Amino acid sequence: MARGEPCRWAGGCESGELRVPTAIAVTSADLALPAQDERTMPAVVLRDLDSRPLDQTLTEVQAVVDQFGHLVVLCSQATPEPVLRRLHTLRSLLESDRIAVFRPELPPLGVAVLARQLRQLATCDLSPGVLASAGRLLTHYIHAGAVLGSVARLDHVPVGLKAHAKSWVPGTQFAVVAHPEPQLVKAVQGATLKGPEFSTWMLLARGQLQSDWITGFAKDWGVHGLRETPLPAESPAWWGTGRMIEFCGHLADLSVLYQLVTSVRQSSCHWCGLDVIGDRCVFCSASPPEHPLPPPRALQGRTPA
């Protein structure tokens, strides 16, 4: 597979049959990152689900499903409960198994990155079930963390009593990795965090914190490049403070993402019949009888991705 042509476009196939790409949605505009390239699908933004009339949001979601056939909605663990309830209400009212609601165990910036990766893959010749379950696979390759001015209200990473005590000392900053392996260190010169064993891009989202430590840290991780984006509105709730800089190391090359997904054995969901990878169908939540998702595949060392 040539680097410049990582996959067949979803708009066509060898039989000549037109296939519309699966829609990838987020629940707020700040989770819809700019397109990685001209082929990346735009995100469907389901704004203000909890505050708009039910019939209005129902019409909107129905139109998306009618246009694209299948819809995958990504939410963070900090997404407000009223929004989640509205999503599940809409799915129930539409009686649709073509809508998947996926809440990965990632901070909000990581969710935004994963959504963009799925938007990239949506242009490839992947079936809706495989694309949706690819989200669970690609989560393993996202390294998400933050530099925090306090860990007093951090619930997603274990925090010792000493770190809690230091949170009350003015000027103290902490560097935290929440995924894939929890880590916490004091953000001082010489301190670092275990990073990915493959080359990544790093995305930064700055909140109400200034830190010189983050620049040196990015060099320690050997990132291929550094980009910035506005901080997602859900990030302060997830991290327990607005005094933060959120970061995310991720794969950006479509050919690498495609190879990771297509290298995993596919099976058919015994309930809805969709092709899936891994041990659960994201659309109907049924577990195929066999072929569990294998451990994350080792990537080559720090070469540009």
Side-chain angles (χ1 to χ4, degrees), residues 33 36 76-77 104-118 120 134-149 151 154 156-160 163 172-207 209-229 231-232 235 238-241 243-257 259-261 263 293-305:
L33 297 176
Q36 197 70 24
S76 85
Q77 299 289 327
E105 294 183 357
L106 290 170
L109 187 62
V111 172
V113 166
L114 180 61
R116 182 168 62 185
Q117 289 177 333
L118 294 182
Q120 289 177 267
R136 299 182 63 218
L137 172 68
L138 296 178
T139 297
H140 293 291
Y141 298 92
I142 291 177
H143 287 66
V147 180
L148 306 175
V151 293
L154 179 60
H156 297 277
V157 176
V159 180
T172 302
Q173 296 182 358
F174 298 88
V176 183
V177 167
H179 189 276
E181 178 184 347
Q183 302 174 64
L184 189 152
V185 299
K186 190 176 178 181
V188 295
Q189 187 175 3
T192 189
L193 296 164
K194 179 184 176 183
E197 297 179 352
F198 49 90
S199 181
T200 63
W201 282 85
M202 182 173 285
L203 189 66
L204 289 185
R206 299 181 185 273
L209 186 71
Q210 298 295 322
S211 175
D212 297 328
W213 182 86
I214 193 75
T215 304
F217 163 67
K219 294 179 180 177
D220 290 339
W221 268 20
V223 298
H224 185 54
L226 190 66
R227 297 186 175 116
E228 295 201 23
T229 191
L231 185 72
S235 293
W238 200 96
W239 292 100
T241 178
R243 295 171 50 228
M244 59 175 296
I245 301 173
E246 193 169 6
F247 61 82
C248 183
H250 64 283
L251 297 167
D253 192 309
L254 176 56
S255 65
V256 175
L257 298 172
Q259 288 171 3
L260 284 172
V261 174
S263 66
L293 195 68
R297 198 180 97 192
L299 299 179
Q300 294 181 352
R302 298 179 183 276
T303 56

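Note that the structure is predicted; figures quoted are calculated from it, not measured.
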Shortest non-hydrogen contact from Ala146 toward Phe247
N-CE2, 3.1 Å

Nearest heavy atoms of Ser199 and His224, plus distance in Å
OG-CB, 3.7 Å

Less than 4.5 Å apart, side chain to side chain, heavy atoms only: is that true for Tyr141 and His250?
no

How far does CG of Leu209 sit from CD of Glu246, to the nearest 0.5 angstrom?
12.5 Å

For residues 109-118, dump all side-chain donor-acceptor pairs below 3.5 Å to protein atoms at least two apart in sequence or in another chain.
residue, atom, partner, partner atom, Å
Arg116, NE, Gln36, OE1, 3.2
Arg116, NH1, Pro34, O, 2.9
Arg116, NH1, Gln36, OE1, 3.4
Arg116, NH2, Gln36, OE1, 3.3
Gln117, NE2, Leu251, O, 2.9

If you measure from CH2 on Trp239 to CG on Leu231, what distance do you get to the nearest 0.5 Å?
11.0 Å

Could you tell me the separation between the CG atom of Leu154 and the CH2 atom of Trp238, rounded to the nearest 0.5 Å?
7.0 Å

Please list, chain by chain and in numerical order, all residues satisfying side-chain contact (heavy atoms from CB on, under 4.5 Å) with Ser211, sequence neighbours excluded.
Val147, Gln173, Trp213, Ile245

First locate atom CD1 of Ile214, then atom CG of Leu226, and finally report the distance between them rounded to the nearest 0.5 Å.
8.0 Å

One should read off an interatomic distance between Trp221 CH2 and Leu193 CG, to the nearest 0.5 angstrom, of 6.5 Å

Those residues at least two apart in sequence (or on a different chain) that pass side-chain contact (heavy atoms from CB on, under 4.5 Å) with Glu228 are Leu204, Arg206

Over 60° means perpendicular and under 30° means parallel, so classify the ring planes of Phe198 and His143, tilted if in between.
perpendicular

Just list the side-chain donor-acceptor pairs under 3.5 Å for residues 176-183, sequence neighbours left out, or say none.
residue, atom, partner, partner atom, Å
His179, ND1, Ile142, O, 3.0
Gln183, OE1, Lys194, N, 2.8
Gln183, NE2, Lys194, O, 3.0

Heavy atoms, side chains only, cut-off 4.5 Å: are Leu203 and Leu33 in contact?
yes

Would you compute the distance between atom CG of Leu106 and atom OG1 of Thr139 and round it to the nearest 0.5 angstrom?
5.0 Å

